[in-house]
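Accompanying notes for the structure given below.
The chains referred to below are lettered A, B, ... by the order of the sequence lines, with proteins before strands, and numbering in each begins at 1. Just the heavy atoms: all of them, side chains too, but no hydrogens, waters or symmetry mates, feed the values below. Please read all numbers here as calculations on a predicted model, not as lab measurements.
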Amino acid sequence: MEIIARDLRANIVGRKILSVQTDWPKYFRLPKSSAAFGACAAGKGITAIDRRGKNILIHLTAGYLLLIHQKISGRLLVGNWRRVSPPDGGEGGPRWQPVPPSRGRFVHLVFDLDDGRQLGLSDLRKFGKALCAKEAVILNLPEMRNLGPEPLDPRFRFSCFQRLFTGRKGRIKQMLMNPNFIAGIGNIYSDEVLYAAGIHPLTPLTHLGETELRTLYDAMKRVLRKAIRLGGTGVESPNASGAETGYDRVRTVYQRAVCPRGHAIERLKIGGRSAHFCPAEKHLF
DNA sequence: ACAATATCCTGCGAGC
DNA sequence: TGCTCGCAGGATATTG
């Protein structure tokens, strides 16, 4: 998500949103009607872009904020899509075809920009969401207000990390993935961080002493920094020739058959999500 | 009060 | 070949 935010920042800050189109109005959570949402975003300039957890925050003129969450299958792209009619009229509403056709299948939400390009949300599963309101309104919504600290925030020191654990119970894997605990760590990076720290995903929080917490904290910062340095996970990969790119090249356990040392990766379901780990690593449980 | 589970969707690959 | 099943990068609501 950090990679996406940086890409958008370099590409669309200074542009103006002319209009908004969708074939899936359920994206609009605030305001909920397509007309009201369009009216909120249209005519406003894009002044800045940042990120909080996995939320992309697009700052608009007049003190407005556009929040887009890509959820599982979403991908924000800048490009061009042309509107095409559905195959037999009627059913399904408008569709967009990417230009060039190689990028951005599954675009369901389009922001027309004043330079002829568009910001499009490609989102196969349509779990994404979009909100537009005064900045203070957005930032006061529970999903923003309850967000945990940013893992790479320099102010998020070890003492802060350690404090998050006091009086809490549960499994470490679920804790790392809980956005209200720490923002922005999902299924992939929680597995990668735990492997890097040599900690089993099922380890109860109460089993983690200061030494393990220090190891976990360092692994978290290291893995996330490296992922950003390499351009993120799954963003543009695999490339045209089928080779993995970015962090995917160095992923150790997530959807791997073997770990870097050649041991078979094991999988189990934790809280409805798949956890990948190497049973040969030293680990607590 | 807490922790599993269901839910929102669609496409894809595996197995029969 | 064509069907059904399980699974997928998130987060919240609901259930037990």
So, is [X] near the phosphate of [N], with a side-chain N or O under 4.0 Å from OP1 or OP2?
X: A:Arg125; N: C:dA8; answer: no
X: A:Lys54; N: C:dG9; answer: no
X: A:Arg273; N: C:dG9; answer: yes
X: A:Gln174; N: B:dA4; answer: yes
X: A:Arg251; N: C:dG9; answer: no
X: A:Arg105; N: B:dC12; answer: yes
X: A:His69; N: C:dG10; answer: no

Base, sugar-phosphate or nothing for [X]? Non-hydrogen atoms, less than 4.0 Å.
X: A:Lys129; value: nothing
X: A:Glu192; value: nothing
X: A:Lys71; value: base
X: A:Arg168; value: nothing
X: A:Gln70; value: nothing
X: A:Phe106; value: sugar-phosphate
X: A:Gly272; value: nothing
X: A:Ser274; value: sugar-phosphate

**Study point:** Geometric class of the A:Phe161/A:Phe156 ring pair [parallel <30°, tilted 30-60°, perpendicular >60°]
**Key:**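 Because their plane-to-plane angle is over 60°, the rings of A:Phe156 and A:Phe161 count as perpendicular.
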Check your understanding: Going by the angle between their ring planes, with limits at 30° and 60°, are A:Phe165 and A:Phe181 parallel, tilted or perpendicular?
Key ->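 Perpendicular.
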**Study point:** Complementary nucleotide of C:dT4, counting Watson-Crick and G-U pairs under 3.5 Å
**Key:**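 Looking at the geometry, C:dT4 pairs with B:dA14.
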Check your understanding: Within a reach of under 6.0 Å around NZ of A:Lys16, are more than 12 heavy atoms found that belong to other residues, nucleotides or ligands?
Key ->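 No, NZ of A:Lys16 has 12 or fewer neighbouring heavy atoms, counting only those of other groups under 6.0 Å.
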Review point. Quick check: does any side chain N or O of A:Glu192 sit under 3.5 Å from a backbone N or O of A:Tyr254, one acting as donor and the other as acceptor?
Key: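 Between the backbone of A:Tyr254 and the side chain of A:Glu192 there is a qualifying donor-acceptor contact (under 3.5 Å).
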Point to revise | Pairwise 5' ranking along DNA chain C for A:Leu124 and A:Gly184, keeping only the more 5' one | key: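 Comparing both residues, the 5'-ward one is A:Leu124.
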Whole angstroms only, please: what is the [atom1]-[atom2] distance between [X] and [N]?
X: A:Asp191; N: C:dG9; atom1: CG; atom2: P; result: 9 Å
X: A:Met177; N: B:dA4; atom1: CE; atom2: C1'; result: 13 Å
X: A:Gln255; N: B:dG13; atom1: CD; atom2: P; result: 13 Å
X: A:Leu121; N: B:dT10; atom1: CG; atom2: C1'; result: 14 Å
X: A:Ile72; N: B:dC12; atom1: CD1; atom2: P; result: 16 Å
X: A:Ile68; N: C:dG10; atom1: CD1; atom2: P; result: 18 Å
X: A:Phe127; N: B:dA6; atom1: CZ; atom2: C1'; result: 11 Å
X: A:Trp24; N: B:dC8; atom1: CH2; atom2: P; result: 10 Å

Check your understanding: Does one side chain, of A:Asp248 or A:Thr233, offer a donor that lies under 3.5 Å from an acceptor on the other?
Key ->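 There is no such pair (donor and acceptor under 3.5 Å, judged by atom type) between the side chains of A:Asp248 and A:Thr233.
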Practice item. Can you spot which of A:Leu60, A:Asp112, A:Thr61 makes a side chain to side chain contact (heavy atoms under 4.5 Å, CB included) with A:Ile17? Key: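 Looking at A:Leu60, A:Asp112, A:Thr61, the match for A:Ile17 under the side chain to side chain contact (heavy atoms under 4.5 Å, CB included) is A:Leu60.
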Taking the minimum atom-to-atom distance to the side chain of [X], which one of [options] wins?
X: A:Pro179; options: C:dT12, B:dA3, C:dC7; value: C:dT12
X: A:Tyr254; options: C:dA8, B:dA3, B:dA4; value: C:dA8
X: A:Lys126; options: B:dT10, B:dA3, C:dG9; value: B:dT10

Practice item. Could you give the distance separating B:dA1 and C:dA11 at their P atoms, to the nearest angstrom? Key: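 Per the computed distance, 25 Å lies between those P atoms.
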Review point. For atom P, what is the distance between C:dG6 and B:dT5, given to the nearest Å?
Key: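 These two P atoms come out 16 Å apart once rounded.
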Practice item. Walk me through it: do A:Asn187 and A:His276 pass the test side chain to side chain donor-acceptor pair (under 3.5 Å)? Key: CA-CA 9 Å; A:Asn187 205 28; A:His276 310 66; 5.3 Å; no
